[in-house]
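A quick write-up on the structure given underneath.
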Amino acid sequence: MKSELFRTFFNIGLFTLGGGYAMIPLIETEVVDKHHWVSKEEFLDLIAIAQSCPGVFAINISIFIGYKLKKTSGAVVTALGTALPSFLIILAIAVFFHRFEDNPVVAAIFRGIRPAVVALIAVPTFNLAKNANITWSTCWIPVLGALAIYLIDGFSPIYLIILAGIGGWVYGKYIKPTE
């Protein structure tokens with residue numbers, strides 16, 4: 001199973017442009033839909049935990065999935081599988097890019113990739129909102145949080161996570177009607 005974990009996360013790392021958030025749909029397809037290693041609810045929880053931890057999101061989520069399945073050795077295998085393709089690609093770019101950096105075709109290709117990367121990040125954001133049961137009545141929470149991080153100089157995402165946790169606790173303890 002460890003070789004299958006490595007191969008799965010290596011392929012995800014190899015064929016995903018745009019960083020960790022762009023990997024979410026691929027990881028979900030492989031881990032939840034194809035292999036059934038975790039449920040959709042567990043996956044959503046793992047994403048929330050991975051986002052809350054310091055470090056690279058893609059590595060964090062792969063470590064959590066690997067650890068859930070095969071403990072420490074699974075975490076190491078999935079982390080290596082996720083990181084190795086990027087390392088090899090960056091190494092190749094570092095070796096050869098200086099020859100092409102001033103080429104107008106290469107510059108145009110990079111300008112064209114930027115909007116696609118935005119779309120790759122937007123789609124998982126909307127999917128996460130849907131899976132987290134964000135409705136029109138609650139969508140103000142993530143919008144306000146994103147605006148606070150963007151507009152308020154020095155407003156750390158850590159503050160947002162802490163405030164959201166406190167808000168969730170208050171809501172669950174005092175506001176949410178008992179069933």
Side-chain angles (χ1 to χ4, degrees), residues 1-97 109-110 113-132 134 141-142 145-146 148-150 154-165 168:
M1 177 172 199
K2 289 180 199 169
S3 64
E4 188 174 12
L5 282 170
F6 179 83
R7 189 172 43 256
T8 298
F9 280 91
F10 186 87
N11 286 335
I12 290 168
L14 186 62
F15 294 109
T16 306
L17 295 174
Y21 295 103
M23 290 180 169
I24 292 173
L26 269 71
I27 296 171
E28 182 177 8
T29 299
E30 288 292 322
V31 171
V32 176
D33 301 332
K34 184 177 176 185
H35 295 290
H36 306 289
W37 288 333
V38 297
S39 70
K40 195 154 189 90
E41 294 77 25
E42 288 174 310
F43 184 71
L44 186 60
D45 291 341
L46 290 172
I47 288 173
I49 294 167
Q51 289 174 327
S52 302
C53 293
V56 178
F57 172 78
I59 301 294
N60 289 349
I61 190 77
S62 67
I63 287 171
F64 291 137
I65 291 169
Y67 188 82
K68 182 183 183 325
L69 297 173
K70 289 290 180 183
K71 301 296 179 209
T72 303
S73 62
V76 170
V77 165
T78 55
L80 284 173
T82 303
L84 193 57
S86 297
F87 174 76
L88 295 174
I89 290 167
I90 294 299
L91 183 61
I93 289 172
V95 170
F96 297 110
F97 188 67
I109 289 170
F110 279 109
I113 289 174
R114 288 181 193 138
V117 170
V118 171
L120 288 171
I121 294 170
V123 169
T125 300
F126 291 117
N127 288 337
L128 286 171
K130 184 174 74 174
N131 292 335
I134 299 203
I141 299 169
I149 292 169
Y150 179 71
F155 188 82
S156 171
I158 299 299
Y159 301 145
L160 182 62
I161 292 168
I162 292 168
L163 288 171

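When reading the values below, keep in mind they use all heavy atoms of this one structure, side chains included, and skip hydrogens, waters and symmetry mates. This is a predicted model, so every value here is computed, not measured. Each residue takes its place number in the sequence, starting with 1.
In this structure, CG in Leu91 is found 10.5 Å from CG in Leu84, a value given to the nearest 0.5 Å. We find the CD1-CG distance between Ile47 and Asn60 to be 12.0 Å, quoted to the nearest 0.5 Å. Distance CD1/Ile65 to CG/Leu5: 9.0 Å, rounded to 0.5 Å. Rounding to the nearest 0.5 Å places CZ of Phe10 at 9.5 Å from OG of Ser86. Rounding to the nearest 0.5 Å gives a distance of 10.0 Å between CD1 of Ile61 and OG1 of Thr78. Interatomic distance, CD1 of Ile161 versus OG of Ser156, reported as 7.5 Å (0.5 Å rounding).
Pro85 approaches Gly13 most closely through the heavy-atom pair CB-C, 3.6 Å. Ala79 and Ser62 get closest at one heavy-atom pair: CA-OG, 3.7 Å. Across all their heavy atoms, Ala58 and Met23 have their closest contact at CB-SD, 3.3 Å.
Annotation for Phe155: atom CZ counts as buried by contact number, over 12 foreign heavy atoms lying within 6.0 Å.
In this structure, Asn127 and Ile24 have side chains that are not in contact, with every pair of non-hydrogen atoms separated by 4.5 Å or more. Residues Ser39 and Val32 are not in side-chain contact: their nearest non-hydrogen atoms beyond the backbone lie 4.5 Å or more apart. Side-chain contact between Val31 and Phe9: present, with at least one pair of heavy atoms (C-beta onward) separated by less than 4.5 Å.
Within the structure, ring-ring contact (aromatic ring centres under 6.0 Å, His included) pairs that include any residue of residues 45-92 comprise Tyr21-Phe57 (at least two apart or interchain). Sorted by first and then second residue, the ring-ring contact (aromatic ring centres under 6.0 Å, His included) pairs with a member in residues 23-55 read His35-Trp37; sequence neighbours excluded.
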Worksheet item: Stepwise, does the side-chain contact (heavy atoms from CB on, under 4.5 Å) test hold for Leu69 with Met1?
Response: CA-CA 9 Å; Leu69 297 173; Met1 177 172 199; 4.1 Å; yes

Could you please spell out the steps behind the side-chain contact (heavy atoms from CB on, under 4.5 Å) verdict for Leu14 and Ile89? CA-CA 8 Å; Leu14 186 62; Ile89 290 167; 4.2 Å; yes

- Task: Under the side-chain contact (heavy atoms from CB on, under 4.5 Å) rule, what do Thr82 and Ile12 come out as? Steps first, then yes or no, please.
- Result: CA-CA 7 Å; Thr82 303; Ile12 290 168; over 6 Å; no

Q. Does the side-chain contact (heavy atoms from CB on, under 4.5 Å) test come out yes or no for Ile149 and Leu160, once each step is laid out?
A. CA-CA 8 Å; Ile149 292 169; Leu160 182 62; 3.6 Å; yes

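Looking at residues two or more places apart in sequence or on another chain, you find a salt bridge (charged side-chain N to carboxylate O under 4.0 Å, His left out) between Glu42 and Lys68.
With 3.5 Å as the limit, one finds a donor-acceptor pair spanning the side chains of Ser73 and Lys2.
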